[in-house]
Amino acid sequence: MPPVKRVAMLSLHTSPLEQPGAGDAGGMNVYVRSTALELAKVGIEVEIFTRETGDGLSRHEELGDGVVVHHLTAGPRGKLPKEALPELSDTFAEAIAEVTDLLADGHYDVLHSHYWVSGIVGLKVSRNLDIPLVHSMHTMAKVKNLRMKNLTSPEPSDRIVGEQLLAREAARIIANTSTEASELTSLYGAARERVDVVAPGVDLSTFHPGSRERSRSLLDFPTEVFHVVFAGRIQKLKGPQVLVAAVRELKARRPEIPLLVSILGSGSGSEALKLQPMIDDAGLHGSVRLYPPVQAAQLAHWFRAADVVAMPSYSESFGLVALEAQACGTPVLAANVGGLPKAISDGRTGLLVDGHSPAAWAAALEKLHDDRTLRESLGRGAATHALAFGWQRTALLTAQCYRTAVEQLKAAAAL
């Protein structure tokens, strides 16, 4: 197969340098950053293009050896809602062309776009540079609309049209799980032979088992509480409101349980959810506490300090938080949706809950509290399970996808 030496990645609506759990930043930011760094370790240079938002970062930031982040000037200064970014696709493409014109030693071999906003720009740039486009959806509008019925406004039609175009025209599509691959074919008509399943990874040097007592001491939590942690953007899609309602129900039924819930994250644009009024109305100000998002090393302590990490999401293409928590030896209680059944082994590394009823979630929390032996068994299984998901594996499979895309383009040109 032809070698791949340099890749351009597009992550236009959110920078890999942003703090996950805040604004539009989340698992995708971790994915882009971690995959790029691992690709560089196997000899593939990566240049990441994102939008400059006035955060004081230089135009070109070196993320690590072989990885550079370019902050493009496109549209008005400051942050914009991601829904407004498709109108800037031509501006983005022109800004990327300015950078590529400065390349002294050849060109990019592959373009890899993340999320549909970047993908639309990627289609334009790939045609201009005559290189294949590999696209990662991360989330899909049709899937979100199916799972979030009556909870939020439907995703805009231009997003669905854009994703449909990418499913048809991208050289290859990377899906996080076989479930996502099936959704791409059934909902968007993508050709299955052009879809590669590549699971995300986890930074095992940061997220690993450790002393729960030590982490609780560092975070100033008492050892005797039953500690539940939620980490993610504060929006309905991620389901923190489900967790609050479940805690209310469990506290009413079992007030003797020393339950403490820590919610780490911040709101996300127009989808932001105001949790504090819900907590106050439920009389849970002593049981549910809100914290801002934290860096990965600190997050690992939060996961180790937890008896269980909760993920009551309505939709997850995979769920990096689930992997990170399990790598710390902490079981995960998650909704049985999307990629979560792939990230979690039900009954071995965590428990899956069907649906989002507070009663079902309260019962699952109660079960985990009452059965310490089960919690400890799940924690051991979780730590072992996560070992199979290092970022190096993700990068190697992604590089294979790149080589296939280049080979197919060359074969097509030879016809």
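Values below: every heavy atom of this structure, side chains too, minus hydrogens, waters and symmetry copies. Here the structure is a predicted model, which means the values were calculated and not measured.
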Review point. Are V228 and D307 close enough that some pair of their side-chain heavy atoms sits under 4.5 Å apart?
Key: no

**Study point:** Exam field: side chain D196 to backbone C401, donor-acceptor pair closer than 3.5 Å
**Key:** no

Point to revise | Minimum heavy-atom distance L204-G390, with the two atoms named | key: CD1-CA, 4.2 Å

Practice item. Spell out, as yes or no, whether a donor-acceptor pair under 3.5 Å connects the side chain of S287 to the backbone of L284. Key: no

Practice item. Can you establish whether the number of heavy atoms outside R372 located under 6.0 Å from its atom CZ is more than 12? Key: no

Practice item. Assess whether side chain to side chain contact (heavy atoms under 4.5 Å, CB included) is satisfied between V134 and I174, documenting all intermediate values. Key: CA-CA 7 Å; V134 173; I174 292 179; 3.8 Å; yes

Review point. Counting only heavy atoms not in R393, do more than 12 sit closer than 6.0 Å to its CZ atom?
Key: no

Review point. Does atom CD of Q392 have more than 12 heavy-atom neighbours, drawn from other residues, nucleotides or ligands, at distances under 6.0 Å?
Key: no

Check your understanding: Taking atom types as modelled and ignoring hydrogens, do the side chains of H112 and Y402 form a donor-acceptor contact shorter than 3.5 angstrom?
Key -> yes

Check your understanding: Quick one: does Y291's side chain get under 4.5 Å of L219's, heavy atoms only?
Key -> no

Check your understanding: Looking only at heavy atoms, what is the nearest atom pair of G286 and L260, with distance?
Key -> O-CD1, 4.0 Å

Point to revise | Stepwise side chain to side chain contact (heavy atoms under 4.5 Å, CB included) check, F303 with V309 | key: CA-CA 7 Å; F303 289 155; V309 169; 3.6 Å; yes

Check your understanding: Quick check: does any side chain N or O of T35 sit under 3.5 Å from a backbone N or O of Y31, one acting as donor and the other as acceptor?
Key -> yes

Practice item. Considering only NZ, NE, NH1 and NH2 on the basic side and carboxylate oxygens on the acidic side, decide whether R254 and D370 come within less than 4.0 Å. Key: yes

**Study point:** No-hydrogen, no-angle side-chain donor-acceptor test under 3.5 Å, Q408 and R172
**Key:** yes

Check your understanding: Which of parallel (below 30°), tilted (30 to 60°) and perpendicular (above 60°) describes F49 and Y108?
Key -> perpendicular

**Study point:** Verdict with reasoning, L166 to L133, per side chain to side chain contact (heavy atoms under 4.5 Å, CB included)
**Key:** CA-CA 9 Å; L166 286 160; L133 173 68; 4.0 Å; yes

**Study point:** Spatial distance of atom CD (E169) from atom CD1 (I120) [nearest 0.5 Å]
**Key:** 9.0 Å

**Study point:** Minimum side-chain heavy-atom gap I173-L184 below 4.5 Å
**Key:** yes

Review point. Do the charged groups of D203 and R33 touch, with an N to O distance under 4.0 Å?
Key: no

**Study point:** Electrostatic pair K5:D109 at N-O distance under 4.0 angstrom
**Key:** no

Check your understanding: Counting N and O atoms only, with roles assigned by atom type, does the side chain of R212 sit under 3.5 Å from a partner on the main chain of T330, one being a donor and the other an acceptor?
Key -> no

**Study point:** Pair K251 + E249, salt bridge at N-O below 4.0 Å
**Key:** no

**Study point:** Ion pair E183/R192, N-O distance below 4.0 Å
**Key:** no

Practice item. Flag the pair K238 and E316 as a salt bridge only when some basic side-chain nitrogen lies within less than 4.0 angstrom of an acidic carboxylate oxygen. Key: yes

Point to revise | Contact check, side chains of L323 and V332, non-hydrogen atoms, under 4.5 Å | key: no

Review point. Would you say the ring centroid of F230 lies under 6.0 angstrom from that of W302?
Key: no

Review point. Counting only N and O atoms by type, is there a donor-acceptor contact under 3.5 Å from the side chain of R6 to the main-chain atoms of E45?
Key: no

Exercise for review: Report yes or no: does T223 contribute a side-chain atom to a donor-acceptor pair with the main-chain N or O of E213 at less than 3.5 Å?
Suggested key: no

Practice item. First locate atom CG of L165, then atom OH of Y188, and finally report the distance between them rounded to the nearest 0.5 Å. Key: 12.0 Å

Check your understanding: Given the rule in the side-chain hydrogen bond (donor to acceptor under 3.5 Å, both in side chains) test, do E94 and T91 qualify, once you have shown the distances and angles that lead to the verdict?
Key -> CA-CA 5 Å; E94 291 167 5; T91 306; 5.2 Å; no

Study note, to complete from the structure: Between A231 and V321 the two heavy atoms that sit nearest each other are O-CG2, 3.5 Å

Practice item. Please confirm whether the backbone N or O of S113 pairs with a side-chain atom of H135, one donor and one acceptor, at under 3.5 Å? Key: yes

Review point. Do Y115 and L12 come close enough that some side-chain heavy atom pair is under 4.5 Å?
Key: no

Exercise for review: List the atom of G329, the atom of P209, and the distance in Å for their closest heavy-atom pair.
Suggested key: N-CG, 4.4 Å

**Study point:** Exercise: do T349 and Q326 side chains pair donor with acceptor under 3.5 Å
**Key:** yes

Exercise for review: Please check if the side chain of R147 supplies one atom and the backbone of S315 the other of a donor-acceptor pair under 3.5 Å.
Suggested key: no

Check your understanding: OG1 of T206 to CD of Q298: how many Å apart, nearest 0.5 Å?
Key -> 12.5 Å

Check your understanding: Is the closest side-chain donor-acceptor distance between H227 and S262 under 3.5 Å?
Key -> yes

Point to revise | Check: H369 main-chain N/O paired with R375 side-chain donor or acceptor under 3.5 Å | key: yes

Review point. T139 and R159: side-chain donor and acceptor closer than 3.5 Å?
Key: yes

Practice item. Identify whether the distance between the nearest side-chain nitrogen and carboxylate oxygen of E38 and K41 falls below 4.0 Å. Key: yes

Point to revise | Flag, side chain of R51 to backbone of L72, donor-acceptor distance under 3.5 Å | key: no

**Study point:** Criterion side chain to side chain contact (heavy atoms under 4.5 Å, CB included) on L129 and I96, from CA distance to verdict
**Key:** CA-CA 11 Å; L129 299 180; I96 294 169; 5.6 Å; no

**Study point:** From K367 atom NZ to L333 atom CG, the distance as rounded to the nearest 0.5 Å
**Key:** 10.0 Å

**Study point:** Pairwise side-chain contact, P132 with L111, heavy-atom cut-off 4.5 Å (strictly under)
**Key:** no

Review point. For the residue pair H70 and H60, does the interplanar ring angle fall in the parallel (under 30°), tilted (30 to 60°) or perpendicular (over 60°) class?
Key: perpendicular

Review point. Quick check: are there more than 12 heavy atoms from other residues, nucleotides or ligands sitting under 6.0 Å from CZ of R248?
Key: no

Exercise for review: Over all heavy atoms of both residues, which pair between S313 and H356 is shortest? Give the atoms and the distance, please.
Suggested key: O-NE2, 2.8 Å

Revision key, fill the gap. Note: S317 and N176 closest approach over all heavy atoms is OG-ND2, 3.0 Å

Check your understanding: Are T373 and E376 linked by a side-chain donor-acceptor pair shorter than 3.5 Å?
Key -> no

